[in-house]
Amino acid sequence: MFELEQALIEEKINQYLRTTNLPEMEIRWAWIPFNGQWGISTSFFQLAAKTFAGEKGNVAQRATEIAQGIASAIKIPDGFSKIEALNGYLNLFFSPSIYTQRIVDEVLEKESNFGRNERLGKRVMFEFSHPNTHKAFHVGHLRSAFLGDVLSRISDAAGYDVIRANYPGDIGMHVIKWLWNYLKFHKGERPEKDITRWMGSLYAEAVKRLDENPDLENEVKETYIKWDQKDPEVVECWKETREWSLEGFKEMYAKLDIKFDKYYFNSMFEDLGKEMVDDLIARGIAQDERAEGGAVIVKLDEKLGLKDEKYRVLVVRRSDGTALYATEDLALARQKFLDYSDLERSYYVVDVRQSLHFQQVFKTLEIAGYDWATRCQHVSYELVNLPGNVVMASREGTVVLLEDLLREATARALEVVREKNPDLSEENKIEIAEAVGIGAIKFPMLSRESGKIVTFDWESALDFNGQAAPYIQYAYVRANSILKKMNSPLPESVNPGEKLTQSEIALIDLISRMPSEIQKAAKDLKPLTICNLAYELARAFNDFYTQCPVLSAEEPIRSARLRLVAAARQAIANSLALLGITAPQAM
RNA sequence: GCCCUCGUAGCUCAAUGGACAGAGCACCGGACUUCUAAUCCGAUGGUUGUGGGUUCGAAUCCCACCGAGGGCGCCA
């Protein structure tokens, strides 16, 4: 946003340093942290420390001296109102009128593209969500879905070409159990609505039956053998019921506004994985211990010559020859690079419990000589637990189903909409309630560090107050409301004059940070950064809203404020879009 | 036993190695004849788990310890 200005000033600083025989320094810019003061700053502590060359001295004082020297040596650059040396920092204040006009104009010209970087011509893939077919979808599963979706949005905005990949678990023991239960007790039945809930309830029923009567495991094993031998009835049933689950997921993703470019299915990689393992055995990377009743393993630490245990041992094929998760992951990783050979990075958005597993898989691929192996990266996140640190598990019955949460959240939001906006059409109210309800669900999962556990409880999940999506949406609605009441086209670009209030400056300051915040969020893979920005924007706008009359203001202030409101509305909308949260027109 | 996360206000969480560690919730006190009060303003609240170290400067980096959670050859 201010690269040109920064480069010019950097040149001047370096010139000063040369003429005064001070060492070169790397100049890092930061925002001036004081509220209502808009500008950029850099500090000279490092340089000051260097001038003492290890001897003792007052670094802070020297830094201030240098900053003062620079402040008096370089003229105030165009567009700046003040240059100041303070506590070792050099602060350059923007001339608010000039830059407010520039930023506002840029936002209004770029609209939804404001904040987006130019295309980098680099491709990355995010694999996320990976739901299990034939099972329920609970709140714990949402974190990967939201994280992956928003990371994709942020990376896209930061200039990357993003492939959004899903990897449904459409085969495995859980599916076999489901099929057994279905064929035995529910043959011919099909789901009417709430497909995913229905699939999940049949799975729970299967598990319950097997718990109550372990002898039935034999029947499950028979089903598994039938599956393995491609028994037509079992295979057909799998194909059909699998589609039901996928249909259910499709509805759910549509509701959550999550899209995928590419589907990889677990069932596609059993055979491919086994072939890769055979290759690993042939090349002496994997050890086949099946003759002694063991499995096929890769002794990673030994292969790497490590003394201490780090990567341990990876089982790549079961003793009975069947594939397991690791087998399939080897083939999946390769497939991604076969499909997209130019992939700069292949991200796996999977919970933290699988950290070691992915390290093992990636390291195995590296040892096997695949040059892309080092481009694979596990993006881990902590779980969503229930109060008392209870893990959500369908087996334990400790789950909150997505369907239930969605229904409750939208119902609660609908209640409020009816109260606040009784005149809106019912259709409109429902639309708003869904935007608010879903936003309220997404925000808390995105607005904390991914390494921290999210504790789900109904009370805070349905609390729309405070640091939450509805607060941000409401700021958007307020801006929208002013612009609707304007009843005329938006005024042409105007200079707001020198008398901008603190709240106006604070607002435009935040808007101007958007492009760099997006870059930061993409670099750190942190949606939280965007959550913070969105919330700060909303807060600054609410402050502006109470401080500064717009429609009743005198010209030219009125025009300038109207344009600022439009820019703020756009910035808030863009930040919400990055979070996959809908900005409603009214609330 | 080894490895990985996390520990900040009563609670939930922020804070590119940098300026006085900030919000929300809760609690207390205020503000709607005004562009939507799903809002705003004010008050209270801290030895950033403990002890060392690195650095001009540490909540942030390193080491040790304490506490919580997770992972560790045939689950996904």
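Remember, predicted model here, so these are calculated numbers, not experimental data.
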- Quick check: are there more than 12 heavy atoms from other residues, nucleotides or ligands sitting under 6.0 Å from CD of A/Glu555? yes
Checking B/C75, B/G73, B/C25 against the side chain of A/Arg318 (C-beta onward), the nearest is B/C75
Taken to the nearest whole Å, CZ/A/Arg478 to C1'/B/U34 is 12 Å
Exercise for the section: Using the P atom on both, measure B/A21 against B/G29 and round to a whole Å. Expected result: 29 Å
Show your working on salt bridge (Lys or Arg N to Asp or Glu O under 4.0 Å) between A/Asp301 and A/Lys310 and close with a plain yes or no.
-> CA-CA 6 Å; A/Asp301 291 329; A/Lys310 179 170 183 192; over 6 Å; no
TODO: Mark yes when over 12 heavy atoms from residues, nucleotides or ligands other than A/Lys221 sit less than 6.0 Å from its NZ; otherwise mark no.
DONE: no
If you compare every side-chain N and O of A/Lys452 against the phosphate oxygens of B/A14 (OP1, OP2), does one of them come in below 4.0 Å? yes
* Compare side-chain N and O positions of A/Lys526 against OP1 and OP2 of B/A15 and report whether any pair is under 4.0 Å apart. => yes
| request: Could you tell me whether A/His357 contacts a base, only the sugar-phosphate backbone, or nothing, with contacts defined as non-hydrogen atoms closer than 4.0 Å? | output: base
message: Roughly how many Å apart are B/U8 and B/U60, using the P atom of each and rounding to a whole number?
response: 13 Å
Students often get this wrong, so: under 4.0 angstrom with heavy atoms, is A/Ile453 touching a base, only sugar-phosphate, or nothing? sugar-phosphate
Exercise for review: For A/Leu383, report the nucleic acid contact type (base, sugar-phosphate, nothing); a contact means any heavy atom under 4.0 Å.
Suggested key: nothing
Query raised in the report: Ignoring hydrogens and angles, are the base of B/C35 and the side chain of A/Ser552 linked by a donor-acceptor pair under 3.5 Å?
Result: no
Checking B/A14, B/A23, B/C41 against the side chain of A/Arg448 (C-beta onward), the nearest is B/A14
Considering only heavy side-chain atoms of A/Tyr535, the closest of B/A76, B/A23, B/A68 is B/A23
Task: Side-chain N,O (A/Lys520) to OP1/OP2 (B/U16) below 4.0 Å - done: yes
Sorted by position of nearest nucleotide on RNA chain B, 5' first, the leading residue of A/Glu84 and A/Met173 is A/Glu84
ask   = Checking all strands, does A/Ala48 fall into the base, sugar-phosphate, or nothing category for heavy-atom contacts under 4.0 angstrom?
value = nothing
To the nearest 0.5 Å, atom OG of A/Ser43 lies from atom CD1 of A/Ile66 at 10.5 Å
Whole-Å distance, A/Tyr474 OH to B/C40 P, equals 9 Å
Tell me what A/Val352 touches on the nucleic acid: a base, only sugar-phosphate, or nothing, going by heavy atoms under 4.0 Å. nothing
Against the side chain of A/Leu551, the closest entry in B/C35, B/C72, B/A19 is B/C35
Within the 4.0 Å heavy-atom criterion, would you say A/Pro549 contacts the bases, only the backbone, or no part of the nucleic acid? base
Judged by whether its glycosidic angle lies within 90° of 0, B/G24 is anti
Any stem touching RNA chain B, meaning at least three consecutive Watson-Crick or G-U pairs under 3.5 Å, ordered by first number, would be B:1-7 with B:66-72, B:10-13 with B:22-25, B:28-31 with B:39-42, B:49-53 with B:61-65
> Expressed in whole Å, how much space separates the P atoms belonging to B/A37 and B/A43?
Replying inline: 23 Å
* **A/Asp509 and A/Arg513 ion-paired at < 4.0 Å** => yes
A/Glu382 CD to B/G71 C1', in whole Å, measures 11 Å
To the nearest angstrom, the CD1-P distance between A/Ile32 and B/A19 comes to 14 Å
Review point. B/A19 base to A/Asn91 side chain: any donor-acceptor pair below 3.5 Å?
Key: yes
A/Leu356 atom CG is separated from B/U5 atom C1', nearest whole Å, by 14 Å
Only residue of A/Tyr381, A/Tyr264, A/Phe128, A/Phe358 satisfying ring pair (Phe, Tyr, Trp, His ring centres under 6.0 Å) with A/Tyr348 is A/Phe358
Q.
What contact category does A/Glu449 fall into here, base, sugar-phosphate, or nothing, at under 4.0 angstrom with non-hydrogen atoms?
A. sugar-phosphate
| query | Do other residues, nucleotides or ligands put more than 12 heavy atoms under 6.0 Å from the CZ atom of A/Arg318? | reply | yes
Check your understanding: Below 4.0 angstrom from OP1 or OP2 of B/A37, is there any side-chain N or O of A/Tyr545?
Key -> yes
Base orientation of B/C62, chi within 90° of 0 counted as syn, else anti, reads anti
What distance, rounded to whole Å, do you find between the two P atoms, one in B/C72 and one in B/G52?
-> 37 Å
Do A/Ser41 and B/A19 have a side chain to base donor-acceptor pair shorter than 3.5 Å? yes
Which of B/C40, B/A15, B/A19 is nearest the side chain of A/Thr546? It is B/C40
Margin query: Between B/U12 and B/G30, how many Å separate the two P atoms, rounded to a whole number?
Written below: 30 Å
A/Glu309 has its side chain closest, among B/C2, B/A19, B/A76, to B/C2
Taking B/C11 as the reference, what is the distance to B/U47 when you measure between their P atoms (whole Å, please)? 13 Å
Item to check | Atom P, compared across B/G71 and B/A19: separation rounded to whole Å | outcome: 38 Å
When rounded to whole Å, the CZ to P distance for the pair A/Phe52 and B/U55 reads 16 Å
Check: Within the structure, does a side-chain N or O atom of A/Tyr471 lie under 4.0 Å from either OP1 or OP2 of B/A37?
Finding: no
Regarding the side chain of A/Gln467, the nearest nucleotide among B/A68, B/C35, B/G24 is B/G24
Practice prompt. Mark yes or no for whether A/Ser41, through its side chain, and A/Leu90, through its backbone, hold a donor-acceptor pair below 3.5 Å.
Written response: no
Would the number of heavy atoms belonging to other residues, nucleotides or ligands and lying under 6.0 Å from CG of A/Asp308 be above 12? no
Query raised in the report: Taking atom types as they are modelled, is there a donor-acceptor pair under 3.5 Å from the base of B/C74 to the side chain of A/Arg317?
Result: no
Using a 4.0 Å heavy-atom cut-off, does A/Val477 contact any base of the nucleic acid, only the sugar-phosphate backbone, or nothing at all?
base
- With a non-hydrogen cut-off below 4.0 angstrom, is A/Val565 in contact with a base, only sugar-phosphate, or nothing? nothing
Notebook entry, point to check: Rounding to the closest angstrom, what is the interatomic distance between B/A64 and B/U39 at atom C1'?
Noted result: 50 Å
Residues pairing under salt bridge (Lys or Arg N to Asp or Glu O under 4.0 Å) where one sits in residues 437-457 of chain A, two or more places apart or in two chains, turn out to be A/Glu449-A/Lys526
query: Would the A/Phe544 and A/Phe541 ring centres measure less than 6.0 Å apart?
result: yes
Of the candidates B/G69, B/A76, B/U16, the side chain of A/Tyr325 sits closest to B/A76
task = Answer yes or no: are there more than 12 heavy-atom neighbours, outside A/Asp278 itself, under 6.0 Å from its atom CG?
result = yes
A/Gln46 CD to B/A19 P, in whole Å, measures 15 Å
A/Arg539 CZ to B/G24 C1', in whole Å, measures 10 Å
From the candidates B/A19, B/A37, B/G1, the one with an atom nearest any side-chain atom of A/Arg312 is B/G1
